[in-house]
Structure formats: structure tokens, C-alpha cells
Amino acid sequence: MASSPRHSTHPTSPSSSVATAPTLLRLNYPDFCAFAPLRPTTRAHSRAPALLPDPEEQQDAGACRVGHGPSPSAAALRVGIVGFGNFGQFIAGGIQRQGHAVLATSRSDYSGYCACRGIRFFATAEALCEAGPDVLLICSSILSTEAVVRAIPFHALRPDTLIADVLSVKQFPRNLLLEILPPRFGIVCTHPMFGPESGKHGWSGLPFVYDKVRVAQEGDQAVKCEQFLSIFEREGCRMVEMSCEEHDRYAAGSQFITHTIGRILSQLNLKSTPINTKGYETLLQLTENTISDSFDLYYGLFMYNVNATEQIDNLDRAFDKVKQMLYGRLHNVLRKQIVERVPIP
Ligand code: NAP
């Protein structure tokens, strides 16, 4: 797929032909609104009781520091975010930049934050579902996701809703969603491989992993899925289609190791010095980035990735090996002097 920024690692994916659609469309129609005629014309939010007034209609932005996002276009998706913490808020920005509407719900009350940003906040998942989002995006912590997903009243959603997640592990949410969701719902598991720190200057070139776990080849589901993925493609992400198993294998050896090293370094309480090398600056940065994520997130990377234990063991062995190389060399010199009476040069 040389001409597409999406990169697939499973060539046999049944949906690979669908994956190229936005790129082809973009080549021919610079405006992605080309999908507009394909989209369902009935919008469920007209039947939905919102718990809070629609911020698009709210005039009083006096207390807000940040302006509204762009108004959603006719072809805009309505993305309902479940779990509106650090990452949920961060990803909402990109969704809005691409002209889509964001709805949100969370354990905590983010209504004030949302009101300033043109986001509808719902106090319960049920109210959010009744508002009829096109895509329901799970952004809860890895540890809480099972309870959060089990509490979603799926019967209140439109039957063509696409369910997506952004968890930093992938086999767990895929299996959970397949187990819990009624078969009519499409499922796409994703992992934006960046966050509020690494993506603060834009998402261009940053990897976005996705697996279309269950998306009907034709009809609204396929269109919604492409529209949803196009958000990240149009933000400049490097799109990588990959199975959830493969993701977890790679992520344990890269992301989990990175977080673990960052966590270990944070225990050393490293400080900046007047003679920092470039390498040391990198370590300080790594430490800062790592601890800006919650410990729940890090524990989730460990507990919910079957490959993580092996990586911890590898790390342990590698550290022992390095110590052996250091101390072993000195021991050999000393032994030669003490036992073999080799004189000190
Ligand atoms: P997190 O600590 O992993 O998750 C915080 C979110 O989980 C908040 O929305 C929080 O809700 C919710 N939550 C936590 N415990 C809960 C509970 N017992 N019941 C209900 N909700 C609960 O931090 P995060 O950085 O925001 O990550 C969110 C998701 O994005 C995770 O699955 C993570 O793997 C994924 N992700 C994160 C990054 C990143 O760089 N941070 C990058 C890619 C993917 P309240 O805020 O309402 O309390």
C-alpha cells in the first residue's frame, strides 16, 4: 500500500480493501464529506433526552478559557467517549479538530470542562447511549474497563453503533467486547501510540494501531468505521493495521519496557545537573513522561498483557548480566593477584 499512509501487518485481513477507501476517496475528493450521501440520514439525538444542555446552543461561555471546537459538518460523526480523564480529553481534541461532535460521560463530573469546549457531558452512560452516538469510544482505565463496559446499557444504543476502544493493551478489550456486545454492533480496537505529552505538538507521524475486529463489509458500519479511522489519518497519524495479539507482543517489548525503565528511573529521583549530557536529558524526559501517566495505566500494561511478565524477567536477567560483566572483570583481576600471585602492572 505504497500510496496509503495506512500500513497493514496482516495481509490476509478480510477488510484490507475497505482500509484503502478513505485514501482513495481523499485522492479523488479532497473533502471527506464525500461520505455524506452514504451516511444514515436519521439522527437519534432528536429522540434523546440530554441531561445537560447542548453546549453548541449555550451562549454563556463567560467562565470558559478555551473556545468551542469547529461546528460539526453535515457528515460529522457523533463520538461518545466513555471515560473522560486524561486521555479521553486529549483525544476529544483531535476528534473535534476533524469537525466531529464529541459527547462524553465519566465517573467524575467533567460538565464544566466540557461546557467550555462544545462537548455534551452526560452524567450517566445511559443518557449518553440514548443520545445516539455513531461511535462509542471506550477511554476508561484498563483496570476499570470490564466494569465500565458491563455497565453500558447497549440496548439504549442505535443498532448501527460502532464500538471502539483506545486501551493500551488490545487482546483484553477485544475478547471482552466480543464476549459482552450483542453481535449487531461493530467493533474496532485501536491504540493511539501517543498521549498528551508525546502528542502535544500534533499527531503527525505518530503510530495509530487498529484492528477491525468485527465490522460488516458493507453498509453503515463500514462507512462509520472508515470515517472514524479517517480522523487519525487526517491528523497525520501513521496508520498501522495489526492484530490485537501482534500489538500486545510488540507493545510488551517496546512500550512496557519504556514505561518500566521510566518507573525505575523515577525511583532514583534523578535531578538535572549543570553538565547534563544529551543522553541524560533523554532519561530525565523519559522519567517525566512516564510518571505523568497514572500508575493504573502502568499496572494495566503489566497485568493485562500476557507478554509483560516475560519482559520483566528479561529485564531482570539483562541487569544481572550487566552487573556480572562489571563486577566479574574486577573479580578476575583480583583473583589473579590474590590466588595466582600475578603482580600489579
Ligand atoms: P487511566 O488512569 O488509565 O484512566 C483514567 C480514566 O479511567 C478516567 O476516565 C477515569 O474516570 C476512568 N476510571 C478509572 N477508574 C475508574 C473506575 N473505577 N470506574 C470508572 N471509571 C474509572 O489514564 P488515561 O491516561 O486517561 O488513559 C485512559 C485510557 O487510554 C487507558 O485505557 C489507556 O490505556 C489509554 N491510553 C492512554 C494513553 C496515554 O498516553 N495516557 C495513550 C493511549 C491510550 P474519571 O476521570 O471520571 O475518574
Side-chain angles (χ1 to χ4, degrees), residues 51-52 79-95 102-114 119 121-128 136-153 163-177 188-203 206-211 231-232 235 237-240 242 244 247-248 250-252 254-256 258-260 262-263 285-305 308:
L51 283 188
L52 297 164
V79 181
I81 296 182
V82 180
F84 208 59
N86 194 24
F87 193 76
Q89 292 169 18
F90 168 71
I91 206 165
I95 296 169
V102 175
L103 297 70
T105 189
S106 208
R107 176 182 58 170
S108 309
D109 178 11
Y110 293 105
S111 52
Y113 176 96
C114 288
I119 295 169
F121 186 79
F122 298 84
T124 64
E126 184 160 21
L128 171 62
L136 197 69
L137 183 59
I138 313 295
C139 293
S140 43
S141 69
I142 299 170
L143 306 186
S144 68
T145 290
E146 175 144 13
V148 167
V149 170
R150 285 192 186 280
I152 295 172
I163 314 296
D165 83 285
V166 296
L167 269 60
S168 308
V169 292
K170 294 273 53 86
Q171 286 189 85
F172 159 65
R174 181 204 54 193
N175 294 342
L176 180 73
L177 292 174
V188 58
C189 288
T190 80
H191 184 196
M193 306 288 301
F194 51 90
E197 261 308 307
S198 51
K200 66 182 168 200
H201 300 305
W203 302 0
L206 300 174
F208 180 90
V209 177
Y210 65 98
D211 185 1
I231 293 171
F232 305 94
E235 283 286 306
C237 291
R238 184 163 59 82
M239 306 298 286
V240 185
M242 180 182 277
C244 293
H247 167 278
D248 283 2
Y250 283 125
S254 56
Q255 186 190 32
F256 178 64
T258 309
H259 279 247
T260 302
R263 291 275 162 190
Q285 191 61 53
L286 170 66
T287 312
E288 199 181 311
N289 287 357
T290 312
I291 57 173
S292 70
D293 284 326
S294 69
F295 191 81
D296 271 5
L297 199 164
Y298 176 57
Y299 185 66
L301 297 181
F302 173 67
M303 191 60 197
Y304 288 71
N305 187 334

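Counting starts at 1 for both ligands and their atoms, in listed order.
With hydrogens and angles left out, the side-chain atoms of Thr290 and Thr287 include no donor and acceptor closer than 3.5 Å. Of the N and O atoms on the side chains of Asn175 and Gln171, not one donor lies less than 3.5 Å from an acceptor on the other residue. Defined by atom type and a distance below 3.5 Å, a donor-acceptor pair is missing between the side-chain atoms of Ser294 and Tyr299.
Ion pair Asp165/Arg174 not flagged as a salt bridge, since none of the NZ, NE, NH1 or NH2 atoms sits closer than 4.0 Å to an Asp/Glu carboxylate oxygen.
Ser108 approaches Phe121 most closely through the heavy-atom pair O-CZ, 3.3 Å. Considering all non-hydrogen atoms of both residues, Phe87 and Pro192 come closest at CZ-CG, 3.7 Å. Considering all non-hydrogen atoms of both residues, Gly85 and Tyr110 come closest at CA-OH, 3.8 Å.
Among all protein heavy atoms, the one lying closest to atom 43 (C) of ligand 1 is Pro192 O, 3.3 Å. With hydrogens left out, the protein atom closest to atom 7 (O) of ligand 1 is Ser141 N, 2.8 Å, a heavy atom. Given atom 31 (C) of ligand 1, the protein heavy atom at minimum distance is Ser140 O, 3.3 Å. Counting protein heavy atoms only, atom 38 (C) of ligand 1 is closest to Phe87 CD1, 3.3 Å. In this structure, atom 1 (P) of ligand 1 lies nearest to the protein heavy atom Ser294 OG, 3.5 Å. Remark: minimum distance from atom 11 (O) of ligand 1 to any protein heavy atom is reached at Ser106 OG, 3.4 Å.
Between Asp296 and ligand 1, no pair of N/O atoms sits closer than 3.5 Å. Between Gly85 and ligand 1, a contact under 3.5 Å exists for at least one N or O pair. Between Phe84 and ligand 1, at least one pair of N/O atoms sits closer than 3.5 Å.
Each of the atoms 45 (P), 46 (O), 47 (O) of ligand 1 lies under 4.0 Å from some heavy atom of Tyr110. Close contacts between ligand 1 and Asp293 involve ligand atoms 39 (C), 40 (O), 41 (N) [criterion: under 4.0 Å to a heavy atom]. Shown in contact with Ser144 at under 4.0 Å from a heavy atom are these atoms of ligand 1, numbered in order with element: 13 (N), 14 (C), 15 (N), 16 (C), 17 (C), 18 (N), 19 (N), 21 (N), 22 (C).
A heavy-atom separation below 4.0 Å is found between Phe194 and ligand 1. In this structure, Gln89 does not count as a contact residue of ligand 1, since none of its heavy atoms falls inside 4.0 Å of the ligand. A heavy-atom separation below 4.0 Å is not found between Ser198 and ligand 1.
Comparing Val166, Leu301, Val169 by heavy-atom distance to atom 44 (C) of ligand 1, the nearest is Val166.
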